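None of the values given here were measured: they were computed from a predicted structure.
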Amino acid sequence: MASTAVDVEDLLVRVKNGDDAELAAVAREVAALAEEGRLGEDDDDDGLLVPALLVRLDAAGSAEARVSVMAALRRLAGCVGSESKERLASIEALSSIVRSLSRDVDERTEAIAVLLDLSDIPQVRQRIGRIKGCIVMLVTLRSAHESGTNDDADKLLHILSSNPQNVLLMAEAGYFRPLIHYLKEGSDMNKVLMATSISKMFLSEHMKSSLGEDGVIEPLVQMFKYGNLETKHSALGAIRNLSSSLQNAELLINSGITGSLLQLLFSVTSALMTLREPASAILAAITQSERILLYKDVAPQMLSLLNLSSPVIQLHLLRALISISGHKNARRARSKIRQNGGVQLLLPFLTEKNVEIKIAALNLTFHLSKDSSQELAEQFRETHLDILVKIISSPTSRDEKAAAVGILSNLPVTDKKITEILTRANLLPILISLFEANITASVTPQRMRLLEGIAGVFTRFTVTWDKKLQSLAVGCGVVPCLIKLLTEGSVDAKSKAATSLAQLSQSTMALSKSKSPRWLCVPPSAESYCIVHSCQCTVKGTFCLVKAGAVNPLLRILEGEEREADIAVLEALATLMQDEIWENGSRVIEKASGIHALLRVAEAGDLSSQDKGIWMLERIFRLESHRERYGEIAQALLIDLAQKGDPSLKPMIGKILAHLELLQTQSSYF
């Protein structure tokens, strides 16, 4: 039986004039007719149905109507004439469909389906990428957890990736796989296009890591190694933008690019000169990875390039060397740099007019001074020391001051000539002023380094063998600075401050005896009388730890989680436990709740800290009042430590257990 003729005029009237509910109904009718093959080019002679539906798609107020219209358009796309297809492929029509990508699930599912069906039309593939936000939305939907939607979005993106410009838009939206495909298998022109786009793109750390994980590094390195000048330039630009990611730095080192970069820097070929700056910048970036230490000749080669390079490249090379020498396991690398004349090469840079290069040279010198203080001291002349003091006292940056102070803090404290030069240069008052200006400043890595350096230099001016120097330091006001460092500094600064306090406190006994008169017309004041040293004590006169108010902050360090300062703190507190004063010292430590802190060290400290802490506990538990109050708390820990701890601790633990009457004095522990 012949099918009933379709009244297209009626459909058109209803599409144009119906409300949203009527529009949805007629659109479903149109879709069904098209599906049955009853509504094609011959039925809609004037090609008016598609334009009418497109007008209503843009104006429809309900999601149901829009979904039905798009479903109808999708069915019509396969059976209407070329003019209607062209209308469907117009920017205006596609824009209306793309707007639905940001709406609810049903609507965006239908929108992607329409775009996918229309993507067979070449003009559509060209135009979709030009519609603002379309690629971004498709990339977002590709990652959405919506069954069907993400697969269709992925298919559509794959189709659109035949256009290189679309691929660049996908990359900007964070979808890099098509771009990497072009880098691996595209034409030379497209490879350069993709690499250049990476070089100019703003990439978050996550995006850089994603690119690395997806395999971007290998093709870029191949382009750099084997491409022509334009290819090399674009590849280096891309690598430079990616190399700040630690993950990518490791991939680049593993790719073997380091040797090629250095070879380029040594090259005298004029055509390659423009590549030297990005090559040196990449070296500066990838050396942040500790894997660079596996390549032992890299640092000496960089060093040999320093005086042969422009200021910009010098700065990159210095920063690369700073990264290498600053790694945790870089002791051998630092040694190799020094053996190759690194320090002598850097000394002229201390007066460099380019501030960035000067700071970089100072920072590198600081790293090189970490484990070779005597060797460094032999190369530093008075003029170099004066330059460092001038940097510290001038209105230079905190970074510059921190590096200069750090170098001085690493010079051997036993070198009396250096101490004389620094004393003549009035360094101590300069450092104290600098300390006071920074101790309350906001916490930054530069401030932390500066305070660590200052604390390190203070240990030079508080050495036990020079009472005159100690008096100078105390007179300048070093003790209040040391006390503040115990609470405000990093664990390294706290350790150094405790060392200075220990050195000063070791002189207290001798000074208190020399200052004690044989008879007194007036009794000593309670304020100045020291219960530990049993005499009149003052900070300036006898360098007394108790009068300085150091006991409590020292003990608080032991109660903390960081253990690196324990031994220095214990050495300071142990000066209150010397043979002549141990009873009074024990009482002061106990009064400050120090026994719990010492037990914590015995439990969690390293061997040297445990040894010193247990030595102090043995003296503390000689007193009956302490045994009665703390014996029960201590015994379980001490027994466990005796059984499971280092054997070298057992004799002293045995003495404590004997004090607690848990062990006889003739035990094999002794």
Side-chain angles (χ1 to χ4, degrees), residues 459 462-467 469-471 473-474 478-479 482-483 486 495-517 524 528-555 557-558 565-595 597-599 601-602 605 608-627 630 634 648-649 651-656 658-659:
T459 61
T462 56
V463 289
T464 54
W465 60 81
D466 193 335
K467 302 290 189 297
L469 192 62
Q470 286 185 326
S471 293
V474 173
V478 78
V479 173
L482 296 172
I483 302 301
L486 295 179
S495 178
K496 289 170 179 173
T499 296
S500 284
L501 288 167
Q503 291 178 163
L504 290 170
S505 187
Q506 285 175 47
S507 301
T508 301
M509 285 292 293
L511 288 170
S512 61
K513 287 177 182 176
S514 67
K515 292 180 184 294
S516 296
S528 64
Y529 186 76
C530 176
I531 58 172
V532 174
H533 301 105
S534 301
C535 67
Q536 284 188 302
C537 273
T538 61
V539 174
K540 288 190 176 181
T542 60
F543 318 151
C544 178
L545 213 60
V546 179
K547 292 298 177 185
V551 175
N552 275 299
L554 285 168
L555 288 169
I557 294 171
L558 298 183
D566 282 357
I567 189 62
V569 169
L570 291 167
E571 291 289 355
L573 291 169
T575 60
L576 303 179
M577 305 285 288
Q578 296 173 65
D579 289 343
E580 297 177 51
I581 58 171
W582 67 266
E583 288 188 52
N584 293 334
S586 296
R587 292 189 181 99
V588 165
I589 289 172
E590 185 276 333
K591 189 176 180 182
S593 304
I595 294 177
L598 291 172
L599 288 169
V601 173
S608 58
S609 300
Q610 286 179 317
D611 188 46
K612 180 61 72 173
I614 290 166
W615 175 85
M616 293 174 69
L617 286 169
E618 188 275 326
R619 296 198 159 201
I620 285 168
F621 282 118
R622 290 177 189 177
L623 298 178
E624 186 178 352
S625 59
H626 296 161
R627 292 196 297 272
Y630 301 98
S648 64
L649 303 174
M652 192 61 71
I653 293 173
K655 287 185 179 182
I656 300 173
H659 295 324

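In this structure, Ser495 has no side chain to side chain donor-acceptor pair (under 3.5 Å) partners at least two apart in sequence or on a different chain. Scored by the side chain to side chain donor-acceptor pair (under 3.5 Å) test, Thr575 finds Ser505 as partners (sequence neighbours excluded). Residues forming a side chain to side chain donor-acceptor pair (under 3.5 Å) with Ser507 (at least two apart in sequence, or on another chain): Gln470. By the side chain to side chain contact (heavy atoms under 4.5 Å, CB included) test, Ser471 pairs with Phe543, sequence neighbours left out. Contacts of Phe621 classified as ring pair (Phe, Tyr, Trp, His ring centres under 6.0 Å), with partners at least two apart in sequence or in another chain: none. By the side chain to side chain contact (heavy atoms under 4.5 Å, CB included) test, Ala550 is found to be paired with Ile483, Leu501, Leu545, Leu554, residues two or more places apart in sequence or in another chain being considered. In this view, Asp466 and Val463, Lys468, Leu469 satisfy the side chain to side chain contact (heavy atoms under 4.5 Å, CB included) rule, not counting sequence neighbours. Qualifying salt bridge (Lys or Arg N to Asp or Glu O under 4.0 Å) partners for Arg619, counting only residues two or more places apart in sequence or in other chains: Asp579. Applying the side chain to side chain contact (heavy atoms under 4.5 Å, CB included) test to Ser625 and every residue at least two apart in sequence or in another chain returns Leu623. For Gln610, there are no side chain to side chain donor-acceptor pair (under 3.5 Å) partners two or more places apart in sequence or in a different chain.
At least one side-chain heavy atom of Ile589 sits less than 4.5 Å from a side-chain heavy atom of Met577. Taking 4.5 Å as the limit, every side-chain heavy atom of Arg587 sits out of range of all side-chain heavy atoms of Ile531. Looking at heavy atoms from C-beta onward, Ile620 lies out of side-chain contact with Glu590 at the 4.5 angstrom threshold. Residues Val551 and Leu576 form a side-chain contact, since some pair of their non-hydrogen atoms from C-beta on lies under 4.5 Å apart. The shortest side-chain heavy-atom distance between Val532 and Ile581 falls under the 4.5 Å cut-off. Side chains of Leu570 and Leu558 form a contact here, defined as non-hydrogen atoms less than 4.5 Å apart.
Around the CD atom of Glu583, the shell of radius 6.0 Å holds more than 12 heavy atoms that belong to other residues, nucleotides or ligands.
Rounding to the nearest 0.5 Å gives a distance of 10.5 Å between CG of Leu555 and CG of Leu486. For the atom pair CD of Gln506 and CH2 of Trp465, the computed distance is 10.5 Å after rounding to the nearest 0.5 Å. Expressed to the nearest 0.5 Å, how far CG of Leu598 lies from OG of Ser593 amounts to 11.5 Å. Remark: Glu580 CD to Met509 CE distance equals 3.5 Å, nearest 0.5 Å.
Nearest heavy atoms, Met616 versus Ala574: CE-N, 4.0 Å. Closest approach of Ala565 to Ile557, counting heavy atoms only: CB-CG2, 4.0 Å. Summarising the geometry of Ala602 relative to Leu617, their closest heavy-atom pair is CB-CD1, 4.4 Å, with the distance given to 0.1 Å. Summarising the geometry of Gly605 relative to Asp566, their closest heavy-atom pair is CA-OD2, 4.3 Å, with the distance given to 0.1 Å. Nearest heavy atom pair, residue Ala502 against residue Ala572, reads CB-CA, 3.5 Å.
Between the side chain of Lys496 and the backbone N or O of Leu482, no donor-acceptor pair lies under 3.5 Å. A donor-acceptor contact shorter than 3.5 Å links the side chain of Gln503 to the backbone of Thr462. In terms of modelled atom types and a separation under 3.5 Å, the side chain of Thr508 and the main chain of Thr542 share a donor-acceptor contact.
Checking each of His626, Glu618, Glu624 against Arg622 for a side-chain hydrogen bond (donor to acceptor under 3.5 Å, both in side chains) leaves exactly one that passes, namely Glu618. With Leu504 as the partner, the side-chain contact (heavy atoms from CB on, under 4.5 Å) test is satisfied by one option alone out of Val539, Thr499, Val479: Val479.
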